[in-house]
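What follows is a set of notes on a single structure, which appears directly below.
The structure displayed is predicted, hence computed values, not measured ones. Values reported hereafter were calculated over all heavy atoms of this structure, with side chains retained and with hydrogens, waters and symmetry mates removed.
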Amino acid sequence: LVQVVESGGGLVQAGGSLRLSCTASGLTFEAYAMAWFRQAPGKEREGVSCVSSGAFTTRYADSVKGRFTISRDNAENTVYLQMNSLKVDDTAMYYCAADPWGCGSGAEIHPTFEYWGQGTQVTVSS
């Protein structure tokens with residue numbers, strides 16, 4: 001049974017920082033690309049960041065470039081999303097996802113990842 005579990009969300013003031021964590025089990029973690037997506041109320045789900053299986057490639061949405069950093073620890077089966085300089089517009093449910101086929105061939109993170117977590121809420125107040 002594959003499980004993907006996020007943690008680290010919460011309430012933070014604009015300009016603050018949070019670090020999200022995601023642990024995946026039941027799969028060969030190092031063989032999977034790992035990504036973070038987010039969805040705000042009334043908006044479509046957005047690919048935020050992705051790291052390839054070997055951590056050779058990272059990808060970011062334009063809206064978070066320079067503020068968010070994705071990393072992975074294959075020994076711990078964990079991927080992180082360090083979020084700095086948070087904005088009110090970053091408020092959303094953040095989902096972690098795993099896929100064996102990578103982040104996608106284009107500039108955007110492909111949306112059809114195989115395994116998904118339940119999400120962790122990030123709320124940024126003004």
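- Distance check, rounded to the nearest 0.5 Å: OG of S52 to CE of M34 gives 12.0 Å.
- Of all heavy-atom pairs between S63 and R38, the closest is OG-NH2, 3.3 Å.
- L11 contributes atom CG, which lies 9.5 Å from atom CD of Q121 (distance to the nearest 0.5 angstrom).
- Distance alone, capped at 3.5 Å, places no donor-acceptor pair between the Y32 side chain and the A97 backbone.
- Formation of a donor-acceptor pair under 3.5 Å by the Q82 side chain with backbone atoms of R19 is not found in this model.
- Here the shortest heavy-atom pairing between T78 and S21 reads CG2-CB, 4.4 Å.
- Around atom CD of E108, no more than 12 heavy atoms belonging to other residues, nucleotides or ligands sit under 6.0 Å away.
- Checked by atom type and distance alone, the side chain of T58 never pairs as donor or acceptor with a backbone atom of V51 at under 3.5 Å.
- Considering only heavy atoms from C-beta on, V124 stays 4.5 Å or farther from M83 through its side chain.
- A 6.0 Å sphere centred on CD of Q118 holds no more than 12 heavy atoms belonging to other residues, nucleotides or ligands.
- N84 places no side-chain N or O within 3.5 Å of a backbone atom of S17 that could act as its donor or acceptor partner.
- Atom-to-atom distance recorded for E6:CD and C22:SG is 5.5 Å, nearest 0.5 angstrom.
- Between F113 and Y95, a ring centre-to-centre spacing not shorter than 6.0 Å is recorded.
- Among I70, D73, L20, the single residue meeting the side chain to side chain contact (heavy atoms under 4.5 Å, CB included) criterion with V79 is I70.
- Between A61 and G47 the shortest heavy-atom distance is CB-O, 3.4 Å.
- Put simply, CG on D90 and CG on L18 are 10.0 Å apart, with the number rounded to the nearest 0.5 Å.
- Each of W116 and L81 belongs to its own hydrophobic cluster when Ile, Leu, Val, Met, Phe, Trp and Tyr are linked at side-chain heavy-atom distances under 4.5 angstrom.
- Residue A92 comes nearest to A40 through the heavy atom pair CB-N, 3.8 Å, listed as atom of the first residue, atom of the second, then distance.
- Shown here for A31 and S53, the closest heavy-atom pair between the two residues is C-CB, 3.6 Å.
- Remark: R72 is positioned above the aromatic ring of F29, its terminal NZ or CZ atom under 6.0 angstrom from the ring centre and at most 45 degrees off the axis.
- In this structure, CG in L27 is found 10.0 Å from CG in L1, a value given to the nearest 0.5 Å.
- For the atom pair CZ (R45) and CE (M93), the distance works out to 13.0 Å, reported to the nearest 0.5 Å.
- Listed for the S85 side chain is no donor-acceptor partner under 3.5 Å among the backbone atoms of G15.
- When all heavy atoms of V48 and I109 are compared, the pair lying nearest together is C-CD1, 3.8 Å.
- Remark: side-chain polar atoms of N77 are not paired, donor with acceptor, to backbone N or O of T23 under 3.5 angstrom.
- Taking the centre of each ring, W36 and F68 stay at or above the 6.0 Å mark.
- Taking 4.0 Å as the cut-off between side-chain N and carboxylate O, K65 and D62 count as a salt-bridged pair.
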